[in-house]
S.K.: 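Below: one structure in structure tokens.
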Amino acid sequence: MERARERSAGQREQRPAGPYVDLSGESPETELELLVHGVGGTTPEKMLGDPRMVRVTGDDTAAVFRRAEDAEGAPDGSGTGGEAGAERGRERRSGPVREAYVWCNLTSGDGSRALWLLLLPFMVVNLAHWMRPAAPGRPRVVRLYGLLVRLSALTLTVLLVAAACEVALDLVAWQCAGVQACVRRHSWLDFLSPAAGGWWSAPGRRLALAATLPVTLTGLLWYLSHRTWRAYESHRPLSSTPAATDDEQGPADDERGPAGGGAVPRSGGPEPGGDDAGPVGHGSALARPGFWYGRRLVARLRAAHTAAGLLTVAAAVTTPAARFDHRPGGPAVLDVLGLGLAAALLLCGAAVVVVVCRRGRSEWRLDQRLDRHLVRRLPLAALALLLLGLVYAGWSRPGWQSTGRLPGDPSFGALMLAQGLLVVALATVAGYLHRRRPDPRAGMRGLGGPAVALLACALGGVISGGVAQRVADWLDGTRALLTGPPVLLTWQASVIPPLLAVLLLLVAGLALHTARLARAERDRVRHEHPGEPEDPARTRAIAHARAMATLTDRAPLVVAVLTATTLVLGSVALAGALATRKTPVGAAHSTHHLVQAVAETSQALGSWLVGVGFLLFVTWGRRAYKDASARRTIGILWDVGTFWPRAAHPFAPPCYAERAVPDLTWRMATWTRRTGGRLVLSGHSQGSVLAAAAAWQLPPSVRGRVALLTYGSPLERLYGRWFPAHFGPPALAALHHDIDCWRNLYRRTDPIGGPVRVPDDTSPDVDHEPLRDPLAYGRTPDHPLPAPILGHSDYQTDPAFTRERARLLTRLHPELPGQRPELPE
């Protein structure tokens, strides 16, 4: 019989869950704990402490699991065995039935996903959209903030494609293929050499052929954005409001009120008489029905950015030919065609900018509209212009030769200047919003968004300059055959060594501060354990863990120093490139020998650092996706970045929360409707952020049966400081009011989690006092071996976890509420 049961359990593990079955009669299952893991991922076996797992619902990407014994007789039809099986499961456990929601495959898995790290600048600028200060009652200023971020994101797409054009069109096709000595060094370019006299040897045709690389890159970005949206972000959230159709018209979110100023009831728009902040009791836009469904905006931005990439390639191909045709005595017909094509490119580019500026997100309703004509026609129009440009550039032009750099060198300077102006304007808007409602806990006094946008632009510029410089060095090892990349890109790569020097000084300062703090913590540790034998090594270890945990709170200082240094060095690079029109080495040629040595070292070292850093970046990212221990070192930053929807840049890595939050809300709503029981939503680390987002999305009738238990949570420590419009004090206070039963556990040794600091005199405090870590200072009868310093892990092993979970279930009365929610069809 035992073997038969094991075979049956094994078959259930392989079988995907079927549709829910609504069983009549009273269910024996009235208490459920839904566990949500955090950064780094884990297995359901480890989460539930049992090797025999059954997938209750979900797929290979994200799913809910139970112990095999608990799945027997489950009231939702996911198990077998009836009430007798449920009784056997209760005999084997104490406390509520436990389920584990496993979402780690949304952010890890196949090593090929490490290529998403190459999209880091896009992810960073997308973060800037969500980092604005909270400012209810200022919808137009909020719209302006979102507009500036979206324009900054558009410049990053143009910069990436322009860098690919610089490498393929300028360095390879225009410069190297046009110099016989360079062709001899790289024989694979023989068929492009003018000395060969082949059909492809004409400069315009070489450019047309080299355009394959940036066009392929643009197409790959479009494909990844479309594919990841279908896999991650196309899941419809739980909502009782009817979804908008393609024929319905209405303003977008940023045209009706500030994103993050409040939420509307699920039954309609803002309450009568209410202001832009929305109804009382909701302090975050995460409660809006359409927040986790950005289908329309992503499709529109994807079309605009794809068209921008294609237009960038078209401009890079046609500009040299148009300049040649526009010379005195040039062919009149081709000159007219070149001018007409340039006008068409400018007109289509203006259309792209208008599309990016037109609208933001639609969050007030579940918006399923699609601007089908725009989404299809804008990229097709850009593709048609690109094809016309390729034909135009490939036309025979006797006497045309490729010399010097590809025309269009000033475009990089103009692009960098535009990015700087956008960041300055963004900082002005963010500062105004912060002054309207100052938040002392907000990172960098509300300037976190502009700082992050500047870092995204700088990261894109450094990568572009470094890659171009490395390719130029590879093509021309003697540095005498080719003119090289635009001087601005060389200047950008050359500022990396001084930037690293500043960072090393900052790290040294933080290390000294942490060492002093650790020494001060030793006295506190000794006073916390009176009467126990002194163990100096143990005391130092505990004090060091607490001191290291405080480094997270120094993040605003790090970002501020990094931003200020980047702004200064970027301004120097731009000014040096525009003033001298030479590389740093060329500009320092007639100066003091010490200045020459610094310029030569910075230029050479910067080029190599970018090349080596690029390889290490990809290698580390691939290892992090396959190795859980390595992933934890960057997991929190990456999971924070991909938690937010793609509201500014459609080519950013996909938002896993647009899949995870609907999963959690659907599971909680369906379970409470079928059982009428009580549910504890238990979230660790990043899982606590998903749990809070899911709790915001629950209908009020379901919310009354759900308690929230968070531990190791970055809700206030990271999200509240850096995303004040959505997780600031008013938002967390509103969540406390809505959920009521909420308890938060944290440790002083935890570098990620912390208190949520929700003051409320009408209900119990959210924060538990800091948990002891380690559980015992020395050896005791309960801990005969030294207790480990747990830090951010293993919160469930603390006795306080079981005690607080039981208290939450007690506070949820079984008779509340009487009415069960109706789910959408």
Side-chain angles (χ1 to χ4, degrees), residues 37-40 42 46 506-558 624 627-637 639-640 683-688 710-721 744-757 767-780 782-801 804:
H37 66 76
V39 176
T42 185
K46 185 175 181 180
L506 178 61
V507 170
L510 291 177
L512 292 176
H513 173 78
T514 304
R516 289 194 298 266
L517 186 60
R519 286 193 294 269
E521 282 291 335
R522 294 175 193 172
D523 295 334
R524 297 189 183 96
V525 173
R526 295 188 188 101
H527 286 100
E528 290 173 3
H529 302 280
E532 298 190 44
E534 173 67 19
D535 186 348
R538 183 72 161 172
T539 300
R540 285 195 300 270
I542 298 173
H544 178 73
R546 291 183 181 180
M548 292 296 293
T550 62
L551 286 177
T552 303
D553 302 319
R554 310 297 294 176
L557 173 63
V558 175
D627 184 359
S629 62
R631 173 168 162 71
R632 291 189 185 97
T633 59
I634 62 171
I636 184 63
L637 297 178
D639 286 354
V640 167
H684 173 239
S685 186
Q686 189 67 16
S688 68
T710 56
Y711 39 100
S713 173
L715 274 171
E716 194 278 337
R717 194 175 189 182
L718 291 179
Y719 283 83
R721 297 181 187 182
N744 180 64
L745 311 177
Y746 67 99
R747 302 186 181 108
R748 290 194 180 99
T749 56
D750 191 339
I752 297 175
V756 295
R757 296 185 174 91
D767 291 317
H768 189 280
E769 62 182 10
L771 302 182
R772 293 186 56 171
D773 188 29
L775 291 174
Y777 177 78
R779 298 176 186 267
T780 66
D782 294 333
H783 299 277
L785 298 179
I789 301 175
L790 299 176
H792 187 60
S793 60
D794 294 331
Y795 272 86
Q796 298 182 37
T797 61
D798 196 295
F801 182 90
E804 293 301 326

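Quick caveat, the model's predicted, so the values are computed rather than measured.
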S.K.: Run the side-chain contact (heavy atoms from CB on, under 4.5 Å) check on V558 and L510 step by step: do they pass?
M.R.: CA-CA 9 Å; V558 175; L510 291 177; 3.7 Å; yes

S.K.: When rounded to the nearest 0.5 angstrom, what is the spacing between OG1 in T552 and CZ in R717?
M.R.: 4.5 Å

S.K.: Let me confirm one number: the CZ-OG1 distance from R772 to T749, rounded to the nearest 0.5 Å.
M.R.: 12.5 Å

S.K.: Are E528 and R748 ion-paired here, with the side-chain N under 4.0 Å from a carboxylate O?
M.R.: yes

S.K.: Report the C-alpha separation of L790 and Y795 in whole Å, then their side-chain angles, then the decisive distance to 0.1 Å, and conclude whether the side-chain contact (heavy atoms from CB on, under 4.5 Å) test is met.
M.R.: CA-CA 8 Å; L790 299 176; Y795 272 86; over 6 Å; no

S.K.: How long is the gap from NE2 on H529 to CD1 on I542, to the nearest 0.5 Å?
M.R.: 5.0 Å

S.K.: Can you sort out the partners of H768 under ring pair (Phe, Tyr, Trp, His ring centres under 6.0 Å), two or more places apart, ordered by chain and number?
M.R.: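 Scan of H768 (ring pair (Phe, Tyr, Trp, His ring centres under 6.0 Å), adjacent residues dropped) gives none.
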
S.K.: Do T539 and Y777 have a side chain donor and acceptor closer than 3.5 Å?
M.R.: yes

S.K.: Could you tell me if the side chain of P770 sits less than 4.5 Å from the side chain of Y746, heavy atoms only?
M.R.: yes

S.K.: How long is the straight-line distance from CG of L775 back to NE2 of H783, given to the nearest 0.5 Å?
M.R.: 5.0 Å

S.K.: Without placing hydrogens or testing angles, list every side-chain donor-acceptor pair under 3.5 Å for residues 515-522, not counting sequence neighbours.
M.R.:
unit_1	atom_1	unit_2	atom_2	d
E521	OE1	R546	NH1	3.4
E521	OE2	R524	NH1	3.0

S.K.: Can you list every pair that meets salt bridge (Lys or Arg N to Asp or Glu O under 4.0 Å) and has a residue in residues 782-800, with sequence neighbours left out?
M.R.: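 Passing the test, one end in residues 782-800: no pairs.
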
S.K.: To the nearest 0.5 Å, what is the distance between CG (L745) and OG (S688)?
M.R.: 11.0 Å

S.K.: Taking only residues two or more places apart in sequence, or in another chain, which ones meet H792 in a ring pair (Phe, Tyr, Trp, His ring centres under 6.0 Å)?
M.R.: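 By the ring pair (Phe, Tyr, Trp, His ring centres under 6.0 Å) rule, H792 matches H684.
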
S.K.: In chain order, what residues pass the salt bridge (charged side-chain N to carboxylate O under 4.0 Å, His left out) check against E534, with sequence neighbours excluded?
M.R.: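 Once residues adjacent in sequence are excluded, the partners of E534 under the salt bridge (charged side-chain N to carboxylate O under 4.0 Å, His left out) criterion are R526.
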
S.K.: For R721, what residues pass the salt bridge (charged side-chain N to carboxylate O under 4.0 Å, His left out) criterion, not counting sequence neighbours?
M.R.: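 In terms of salt bridge (charged side-chain N to carboxylate O under 4.0 Å, His left out), with neighbours along the sequence ignored, R721 is linked to D553.
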
S.K.: When rounded to the nearest 0.5 angstrom, what is the spacing between CG in L715 and CD in Q686?
M.R.: 9.0 Å

S.K.: At their closest point, which heavy atom of P755 faces which heavy atom of N744, and how far apart are they?
M.R.: CA-ND2, 3.7 Å

S.K.: How close do S685 and P714 get, heavy atom to heavy atom, and via which atoms?
M.R.: O-CD, 3.3 Å

S.K.: Determine whether a donor-acceptor pair (N or O, by modelled atom type, separation under 3.5 Å) exists between the side chain of D773 and the backbone of I789.
M.R.: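 Such a contact is absent between D773 side chain and I789 backbone.
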
